[in-house]
Amino acid sequence: MPRPILALIHTEALAHNLARARASAAGARVWAVVKANAYGHGIERAFEGLRGADGFALLDLAEAERVRALGWRGPILLLEGCFEPRDLELCSRLGLWHAVHCSEQIDWLAAHKTQVPHRVFLKMNSGMNRLGFKPAAYRSAYARLDALPQVDEISLMTHFSDADGPRGVAHQVAAFEAVTQDLPGERSLSNSAGLLRHPLKNDWVRAGIVSYGSAPDFPDNDATHWGLQPAMSLRSRLLATQQLQAGDTVGYGSSFTADGPLRIGIVACGYADGYPRHAGTGTPVLVDGVRTRTVGRVSMDMLAVDLSPVPSAGPGSEVTLWGRSAAGALLPIDEVAHAAGTIGYELMCAVAPRVPVGVDAAA
Ligand SMILES: Cc1ncc(COP(=O)(O)O)c(C=O)c1O
């Protein structure tokens with residue numbers, strides 16, 4: 001029998017979350033962002049739930065090929081554009097739209113031989129200081145692209161650093177607007193936090209984490225507040241139980257000491273499965289759908305849970321590390337991530353290759 005751990009991808013939840021993003025997008029078209037193998041869900045597994053999107057946005061050319069191989073004929077956007085000149089050949093062949101964020105990418109386009117002019121998204125660095133042309137350089141980049149026979153249509157794009165937090169987006173929107181006001185072309189500004197928290201004029205929004213059912217601004221708001229459903233459940237089972245007495249310790253480093261009699265369960269899930277090792281005692285977990293807490297350090301293949309609230313549990317009992325239990329009890333990935341000092345994005349992307357993945361078409 002295989003180890004009992006399983007990540008389950010919920011097709012209906014993906015479709016629901018995408019519809020939720022669309023409802024907040026004020027008429028804009030919606031990119032389903034499927035970079036990082038659909039945020040760890042698997043492009044092929046997530047595709048059915050996300051096929052209602054207007055396009056797919058991603059990074060790797062290999063991922064773009066996988067989306068085309070699924071039969072998708074609509075728009076695909078390379079969010080970071082090409083990494084080397086020959087990537088343009090695949091863009092021509094597969095009809096990929098691509099970001100242009102630096103002058104080298106314009107040089108490559110100018111030298112590219114193609115019968116098919118490309119749709120490009122010219123990226124402005126409006127304050128994130130990651131990729132893109134500074135506002136002062138943006139219009140000359142636009143003019144260069146506009147003069148190229150290799151370029152068909154130019155869209156305008158920027159990315160927010162603080163859409164989920166107190167600084168907000170106004171300073172970046174102002175920088176973007178000041179330079180682009182009179183330029184033709186469609187606009188794409190908002191990511192998940194942007195589209196949920198800041199009503200803005202977009203022609204295309206980029207719906208990443210919202211599609212997967214995690215709140216981009218947790219703990220300010222949770223997934224329920226935004227009407228999102230978990231698209232992934234990580235489930236396992238108890239391998240064993242232990243009865244502790246006062247003074248007994250649990251796991252490596254003896255970081256947890258029982259202050260009285262305590263029954264614990266040992267779960268088949270550890271950091272080698274992608275569960276965060278930094279999730280200390282008290283991280284929420286469901287056993288047979290009942291909320292309890294982890295105790296002691298997470299080890300490579302196992303972790304321990306307090307069975308006080310669920311005395312009927314024993315070897316074989318279902319454990320939900322995040323997502324939904326089989327009976328529908330909910331444990332938001334954001335709560336687990338928060339307990340481990342990280343974000344839902346990281347946990348879903350980090351589920352290890354050794355974890356079997358299934359698809360639950362019925363949510
Ligand atoms: C350029 C760009 N657009 C959109 C997204 C999607 O962001 P989110 O998952 O927060 O919606 C990302 C993710 O980092 C990104 O880099």
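We count ligands from 1, going down the list as the structure has it; atoms in each ligand are counted the same way. Just so you know, these numbers come straight off a predicted model, no measurement behind them.
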- Task: Show which atoms of ligand 1 fall inside a sub-4.0 Å distance from at least one heavy-atom site of Tyr39.
- Result: 6 (C), 7 (O), 8 (P), 9 (O), 13 (C)

- Item | Identity and distance of the protein heavy atom lying nearest atom 11 (O) of ligand 1 | Ser192 OG, 2.5 Å

- For Thr114, all residues meeting side-chain contact (heavy atoms from CB on, under 4.5 Å), sequence neighbours excluded: Ser92, His112, Val116, His118, Gln150

- By number and element, which atoms of ligand 1 are closer than 4.0 Å to a non-hydrogen atom of Arg130? 16 (O)

- Message: Could you work out, for atom 13 (C) of ligand 1, the closest of His159, Lys35, Lys123 by heavy-atom distance?
- Response: Lys35

- Message: Any heavy atom of Trp31 closer to ligand 1 than 4.0 angstrom?
- Response: no

- Between the side chains of Arg206 and Ser190, does any donor sit under 3.5 Å from an acceptor? no

- Query: Looking only at distance, does Leu79 have an N or O less than 3.5 Å from an N or O of ligand 1?
  - Reply: no

- Message: Checking Trp72 now: which residues fulfil ring-ring contact (aromatic ring centres under 6.0 Å, His included) with it, not counting sequence neighbours?
- Response: Phe56

- Message: Has His225 got a side-chain atom pairing as donor or acceptor with Asp222's backbone, closer than 3.5 angstrom?
- Response: no

- Return a yes/no value for Gly208: is any of its N or O atoms, backbone included, closer than 3.5 angstrom to an N or O of ligand 1? yes

- Between Arg119 and Glu186, is there a salt bridge with N-O shorter than 4.0 Å? yes

- Query: Mind checking whether Phe121 and Trp204 have parallel, tilted or perpendicular rings, split at 30° and 60°?
  - Reply: perpendicular

- Message: Determine whether a donor-acceptor pair (N or O, by modelled atom type, separation under 3.5 Å) exists between the side chain of Thr281 and the backbone of Gly296.
- Response: yes

- Query: Closest non-hydrogen protein atom to atom 10 (O) of ligand 1, residue and atom name please, with distance?
  - Reply: Tyr345 OH, 2.6 Å

- Message: For atom 4 (C) of ligand 1, what is the closest protein heavy atom, and at what distance to 0.1 Å?
- Response: Arg206 NE, 3.4 Å

- Can you list the ligand 1 atoms lying under 4.0 Å from a non-hydrogen atom of Asn191? 7 (O), 10 (O), 11 (O)

